[in-house]
Amino acid sequence: MLDKKYNHLLVEEGKYQKWLDNGYFEPTGKGDYYAIVIPPPNVTGKLHLGHAWDTTLQDILIRFKRMQGYNVLWVPGMDHAGIATQAKVDAKLKQMGINPRELKREEWLKYAWDWKEEYALNIHDQWAKLGLSLAYSRERFTLDEGLSKAVKTVFKKLYEEGLIYRGERIINWDPLAMTALSNEEVIYKETKGAFYHLKYYLEDKSSYLDVATTRPETLFGDTAVAVNPRDERYNHLIGKQVILPVVNKLIPIIGDEHADPEFGTGVVKITPAHDPNDFEVGNRHNLERIIVINPDGTMNDAALKYAGMDRFACREELIKDLEKEDLLINIEKITHNVGYSERTDVMVEPYLSKQWFVKMRPLADKVLANQLAKNTKVNFVPARFEKVMNHWMEITYDWCISRQLWWGHRIPAWYKGDEIFVGDQAPDETWVQDPDVLDTWFSSALWPFSTLGWPDATEDLKHYYPNNVLVTGYDIIPFWVNRMTFQGLHFTGQRPFKDCLIHGLIRDKEGRKMSKSLGNGVDPMDVIEKYGADALRFFLTTQTAMGMDLRYDEEKVKSTWNFINKLWNASRFVLMNIEDLKDDLIDLKTLKEEDKWILTSMNETIKIVTKNMEKYEFNNVGSKLYSFIWNDFCDNYIEFAKFSLDDITTKKVLLKVLTNILKMLHPFMPYVTDEIYSMLPIHEENIMISKYPLYEKKEVFKETYNSFKDKQEFIKNFRTIKLENKIGKDFKIKINKENDYDLIFKLLRIDQDQIINSSNKKAFKVSYKDYDLDIIYESIITEEDKLLKEKQIKSLKNSIERREKLLSNENYLKKAPKDLVAKEKETLALEKDKLAHLLG
RNA sequence: GGGCGCUUAGCUCAGUUGGUUAGAGCAUCUGCCUUACAAGCAGAGGGUCAAAGGUUCGAGUCCCUUAGCGCCCACCA
């Protein structure tokens with residue numbers, strides 16, 4: 001027998017291990033194939049609420065499809081997370097008193113792998129707490145052997161196709177991590193800065209140009225000053241030279257469209273090695289590229305006496321010196337967008353560097369073309385997110401994939417002088433391998449097929465690719481979804497997944513992003529400890545519409561717990577009364593009207609829930625189940641059932657409805673449903689491998705359902721009138737319209753001896769359709785009551801007037817559906833009836 | 001600058017292809033210890049659906065304009 005109160009700690013204990021031991025998480029080998037690959041969490045740390053949300057959505061789909069008989073595979077795995085992990089490992093080493101830079105690459109990697117093992121254990125533990133039914137036999141890690149093979153294969157093929165190249169370009173440089181970054185890894189933030197207006201004197205010193213810059217320290221790398229050729233203020237100067245301040249060398253004044261006459265002073269200094277636009281200008285005019293900053297953000301020898309200073313310290317000193325020499329015109333304070341490294345949060349330095357790039361245009365065009373093909377495109381849910389991907393594909397430019405790190409896939413390229421060899425092994429010992437590794441997202445982009453064994457033609461790949469759905473947050477679309485899509489398309493000729501289910505971000509109660517700096521993060525493990533994984537899962541997945549952000553609100557988790565407690569107690573009641581049940585076959589001929597009503601409602605619920613599960617509309621599933629369980633089953637059917645607990649049909653209906661409730665809830669609440677299900681007198685081996693409920697037409701009784709609803713409506717009216725008129729216990733009843741009042745009287749606790757034929761005392765009329773009776777009771781009507789009654793009369797009159805107008809509208813009668821018109825007429829009759837009663 | 005989203009009850013959110021008097025949870029008020037559950041039961045109150053206009057017999061829903069908030073992308077030195 002169940003305890004009196006739901007205890008999530010007891011319920012959830014040991015269940016995950018039991019499921020694992022029974023092999024329930026692994027593909028069954030039977031049924032149609034259905035696959036999801038988990039978005040691999042970084043091995044850097046703990047899972048947060050966003051992970052809990054994302055993975056629960058997937059587990060819901062997997063459990064649902066498994067119960068529907070699919071041969072499901074949910075691939076678990078983790079991501080090595082290059083920069084993030086390397087930074088954490090370095091920090092840990094420093095704490096241990098070890099300077100990571102002094103270690104040999106192999107030594108350092110040993111520490112990193114130890115870190116990975118430790119954190120992988122944490123993540124496994126958290127997946128288990130969440131109840132995720134992952135097929136661990138297929139677990140992968142982005143740096144494991146198979147995935148490394150996939151990465152090398154892709155790199156080599158793209159290189160051979162000319163879609164990967166090595167070149168000198170301006171890239172985003174992170175001076176703290178000392179690595180190149182892709183555009184996606186740069187976050188632009190409004191930052192207070194300044195325009196420093198400097199004097200660049202003409203070579204004859206007759207006058208100067210006002211050159212404004214936000215990064216004066218780059219002037220050491222200036223190799224020209226540009227003006228717009230159409231700018232009449234300056235175009236006569238093109239071809240002349242100016243004196244570069246401090247450096248005191250002559251640089252040319254060039255004419256280039258890049259200089260915008262409308263912006264600033266119209267004169268722009270050109271630093272080809274430290275600005276992407278200037279780099280282009282430099283190419284057009286064959287300018288020298290002078291790098292003035294070291295990889296660590298300090299100035300190099302080109303910065304003369306400032307060499308060795310940090311870039312910002314240099315800026316400060318330089319400005320002081322320029323002021324002394326009267327080369328500073330003024331400092332204009334501005335707020336502008338400055339790029340920061342996503343991982344280290346330091347200001348990114350545009351930097352000339354030799355890196356590996358993926359040529360994006362042909363790959364992106366393939367995606368854009370494929371998205372036009374309805375049957376083979378990636379189908380986003382909600383659909384609006386397709387635009388996010390397509391826009392990215394339209395404007396994308398070459399992807400910088402090399403990273404100056406140790407933690408990652410070593411670039412499979414070897415050099416011998418100017419020669420490059422790309423492949424698994426160096427041709428001979430005279431070749432030297434590129435020391436860099438690949439961007440983490442390069443390997444993640446292959447995840448949907450590399451985890452299934454690609455490039456080998458494995459059985460898993462054959463059956464589970466394309467994946468059925470990918471579930472992730474909208475913030476990951478540029479980093480990951482887009483790249484999986486073009487890589488999948490290019491290497492397998494197919495979309496990586498049919499559907500792409502997009503959810504939002506978790507926010508705190510005030511709507512702010514959860515972040516370390518705000519300290520408003522919530523650890524899902526704490527929530528599970530307090531309210532259980534079932535409550536957390538149901539809360540996370542049923543609160544908002546897909547694609548919307550979610551505010552974490554502990555009160556709501558608490559009320560979800562209450563809902564589970566309600567289910568628990570209802571189950572307790574059912575179990576107490578059906579212990580002796582030997583079979584669950586219901587003889588439809590023995591059904592009472594309340595049985596027919598609940599079975600009809602249950603089947604409608606099954607239909608709606610299944611439909612919404614398939615449309616990924618879990619919020620609708622949640623509210624439908626909530627109202628069916630709480631309102632229909634608990635508040636109504638169980639109350640009716642109390643009058644016929646010795647009836648075998650009642651027992652069987654109780655069992656049937658509870659069984660289906662548990663099954664429909666199971667994908668959301670795996671633990672508590674398993675617990676209760678296993679205690680039912682008749683059940684399958686385990687709920688998670690049981691059959692999902694099907695809509696049974698023979699259990700649907702539309703007519704009885706509708707007439708029974710009238711009865712319930714009447715009961716409600718009775719209660720309202722009784723409460724509003726402050727009617728005590730000693731009332732009498734006079735029946736005005738003959739009908740079956742049996743269940744009504746039982747429920748309202750009206751005894752036979754309360755029923756009389758006539759009375760001259762005050763009577764309150766209660767009626768609904770074919771039910772009509774008087775409550776006879778002496779009562780005191782207060783002013784308040786009168787006001788309330790007047791209010792009701794007024795709103796009824798308004799409603800009647802509105803409806804009469806509607807029903808006299810010929811256009812409406814002509815164009816509106818017939819059954820709707822009939823319903824309106826019926827409602828109008830009821831309202832008129834009600835008004836007559838109120839007016840006495 | 002371009003794009004997207006949001007604005008519905010005191011709060012947090014639902015609201016399918018337009019179709020009864022717009023729903024839920026929490027909060028509020030009233031009455032109940034009815035033996036599954038007081039973390040409960042039975043009822044009630046509360047919204048001119050951001051503003052204005054349009055299409056329609058009918059608009060929270062479709063179209064146009066506007067305002068506020070938020071996000072993404074691009075970016076001018």
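Residue numbers start from 1 in every chain, and the chains themselves are labelled A, B, ... in the order their sequence lines are given, proteins ahead of strands.
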Practice task
Ignoring backbone atoms, test whether A:R719 places a side-chain nitrogen or oxygen under 4.0 Å from the OP1 or OP2 oxygen of B:rA42.
Solution key: no

Exercise for the section: Report the distance from atom CG of A:L550 to atom P of B:rC71, rounded to the nearest whole Å. Expected result: 17 Å

Completion exercise
Rounded to whole Å, the NZ-C1' distance (A:K716 to B:rA44) equals 10 Å

Find every protein N or O atom lying less than 3.5 Å from an N or O atom of nucleotides 6-9 of chain B, and list the pairs.
none

Problem - Whole-angstrom distance between B:rA24 and B:rG45, as gauged at atom P - result: 12 Å

Practice task
Could you check how far CZ of A:R507 sits from C1' of B:rG5, rounded to whole Å?
Solution key: 11 Å

Problem - Dot-bracket encoding of pairs in RNA chain B, which uses [ ] for pseudoknotted crossings and | for another strand, Watson-Crick or G-U under 3.5 angstrom - result: (((((((..((((.....[...)))).(((((.......))))).....((.((..]....)).)))))))))....

Problem - Residues which pass salt bridge (charged side-chain N to carboxylate O under 4.0 Å, His left out) with A:D256, listed by chain and number, not counting sequence neighbours - result: A:R284

Problem - Integer angstrom distance from the C1' of B:rA9 to that of B:rG3 - result: 33 Å

Exercise for the section: Give the rounded distance in Å between these two atoms: CG of A:N390 and C1' of B:rG2. Expected result: 16 Å

Practice task
Give a yes or no on whether A:K615 atom NZ has more than 12 heavy-atom contacts from other residues, nucleotides or ligands under 6.0 Å away.
Solution key: yes

Practice task
With sequence neighbours excluded, tell me which residues meet salt bridge (charged side-chain N to carboxylate O under 4.0 Å, His left out) with A:R803.
Solution key: A:E824, A:E831

Nucleotides 56-58 of chain B: which of its N/O atoms have a protein N/O under 3.5 Å away?
| residue | atom | partner | partner atom | Å |
| --- | --- | --- | --- | --- |
| B:rC57 | OP1 | A:K815 | NZ | 2.3 |
| B:rC57 | O2' | A:N809 | ND2 | 2.8 |

Practice task
Inspect the surroundings of CD in A:E810 and state if more than 12 heavy atoms from other residues, nucleotides or ligands are less than 6.0 Å away.
Solution key: no

Handout entry: Candidate pair A:F380 and A:V481, rule side-chain contact (heavy atoms from CB on, under 4.5 Å), full reasoning
Key = CA-CA 11 Å; A:F380 281 83; A:V481 176; 3.9 Å; yes

Exercise for the section: Using modelled atom types only, decide if a donor and an acceptor are shared between the side chain of A:N569 and the backbone of A:N565 within a distance under 3.5 Å. Expected result: yes

Practice task
Could you tell me whether A:D549 contacts a base, only the sugar-phosphate backbone, or nothing, with contacts defined as non-hydrogen atoms closer than 4.0 Å?
Solution key: nothing

Exercise for the section: Quickly work out the A:K509 NZ to B:rU12 C1' distance and round it to whole Å. Expected result: 9 Å

Practice task
Please name all residues satisfying salt bridge (charged side-chain N to carboxylate O under 4.0 Å, His left out) with A:D710, sequence neighbours left out, ordered by chain then number.
Solution key: A:K769

Practice task
Using a heavy-atom cut-off of under 4.0 Å over every strand shown, decide if A:K722 touches base, sugar-phosphate, or nothing.
Solution key: nothing

Measure all distances between protein nitrogen or oxygen atoms and nitrogen or oxygen atoms of nucleotides 73-77 of chain B, and list the pairs falling under 3.5 Å.
| residue | atom | partner | partner atom | Å |
| --- | --- | --- | --- | --- |
| B:rC75 | N3 | A:N337 | ND2 | 3.0 |
| B:rC75 | N4 | A:N337 | ND2 | 3.0 |
| B:rC76 | OP1 | A:N277 | ND2 | 2.5 |
| B:rA77 | N6 | A:D260 | O | 3.0 |
| B:rA77 | N6 | A:F263 | O | 2.5 |
| B:rA77 | N1 | A:D260 | N | 3.1 |

Fill in the blank from the handout: In 5'-to-3' order, the base (B), backbone-only (S) or no-contact (-) status of each nucleotide in nucleotides 29-41 of chain B, using a 4.0 angstrom heavy-atom cut-off, is -BS--S-BB-BSS

N/O to N/O distances under 3.5 Å, protein versus nucleotides 22-25 of chain B:
| residue | atom | partner | partner atom | Å |
| --- | --- | --- | --- | --- |
| B:rG25 | O2' | A:S559 | OG | 3.2 |

Exercise for the section: Given salt bridge (charged side-chain N to carboxylate O under 4.0 Å, His left out), test A:K716 with A:E713 step by step and report yes or no. Expected result: CA-CA 5 Å; A:K716 196 172 169 177; A:E713 197 60 34; 5.4 Å; no

Completion exercise
Minimal heavy-atom distance between A:F195 and A:A212, with the atoms involved, is CD2-CB, 4.2 Å

Practice task
Determine, using ring centers only, whether A:F539 and A:Y552 are less than 6.0 Å apart.
Solution key: yes

Fill in the blank from the handout: Hits for salt bridge (charged side-chain N to carboxylate O under 4.0 Å, His left out) against A:E555, two or more places apart or cross-chain, chain-then-number order -> A:K558

Practice task
Using the P atom as the reference point in each nucleotide, state the distance between B:rC41 and B:rA27 in Å, no decimals.
Solution key: 13 Å

Practice task
Please say whether more than 12 non-hydrogen atoms of neighbouring residues, nucleotides or ligands are located less than 6.0 Å from CZ in A:R233.
Solution key: yes

Problem - 5' precedence on RNA chain B between A:T827 and A:T544 (nearest-nucleotide basis) - result: A:T544

Problem - Shortest non-hydrogen contact between A:V225 and A:V211, atoms and distance - result: CG1-CG2, 4.5 Å

Practice task
Give the rounded distance in Å between these two atoms: NZ of A:K624 and C1' of B:rA14.
Solution key: 14 Å

Problem - Separation between the C1' atoms of B:rA22 and B:rU8, rounded to whole Å - result: 8 Å

Problem - Which residue lies more 5' along RNA chain B, comparing A:R803 with A:N620 via nearest heavy atoms - result: A:N620

Handout entry: Residue among A:V381, A:I476, A:T472 satisfying side-chain contact (heavy atoms from CB on, under 4.5 Å) with A:I502
Key = A:T472

Residues 265-278 of chain A, side-chain donor-acceptor partners within the protein, below 3.5 Å, at least two apart:
| residue | atom | partner | partner atom | Å |
| --- | --- | --- | --- | --- |
| A:T265 | OG1 | A:D210 | O | 2.7 |
| A:T265 | OG1 | A:V267 | N | 3.4 |
| A:K269 | NZ | A:T218 | OG1 | 2.7 |
| A:K269 | NZ | A:D222 | OD1 | 2.8 |
| A:K269 | NZ | A:T271 | OG1 | 3.0 |
| A:T271 | OG1 | A:D222 | OD1 | 2.8 |
| A:H274 | ND1 | A:P350 | O | 3.3 |
| A:H274 | NE2 | A:V292 | N | 3.0 |
| A:D275 | OD1 | A:N277 | N | 2.8 |
| A:D275 | OD1 | A:D278 | N | 3.0 |
| A:D278 | OD2 | A:T271 | N | 2.8 |

Problem - Check: A:L540 and A:I506 side chains under 4.5 Å, non-hydrogen atoms - result: yes

Practice task
Can you sort out the partners of A:Y626 under side-chain contact (heavy atoms from CB on, under 4.5 Å), two or more places apart, ordered by chain and number?
Solution key: A:F563, A:W630

Handout entry: Nearest-angstrom distance, C1' atom, B:rC32 to B:rC37
Key = 15 Å

Handout entry: Euclidean distance for C1', B:rU7 against B:rU66 (whole angstrom)
Key = 14 Å

Exercise for the section: Could you give the distance separating B:rU61 and B:rC49 at their C1' atoms, to the nearest angstrom? Expected result: 10 Å

Exercise for the section: Considering only NZ, NE, NH1 and NH2 on the basic side and carboxylate oxygens on the acidic side, decide whether A:E617 and A:K624 come within less than 4.0 Å. Expected result: no

Completion exercise
Whole-Å distance, A:N717 CG to B:rG43 P, equals 10 Å

Exercise for the section: Using atom OH of A:Y552 as one end and atom C1' of B:rU12 as the other, report the distance to the nearest whole Å. Expected result: 14 Å

Practice task
Please answer whether the main-chain N or O of A:K5 pairs with a side-chain N or O of A:D3 as donor and acceptor at a distance below 3.5 Å.
Solution key: no

Handout entry: Between B:rU48 and B:rA39 - P atom distance, rounded Å
Key = 34 Å

Practice task
Check whether any side-chain heavy atom of A:I477 sits under 4.5 Å from a side-chain heavy atom of A:W392, and report yes or no.
Solution key: no

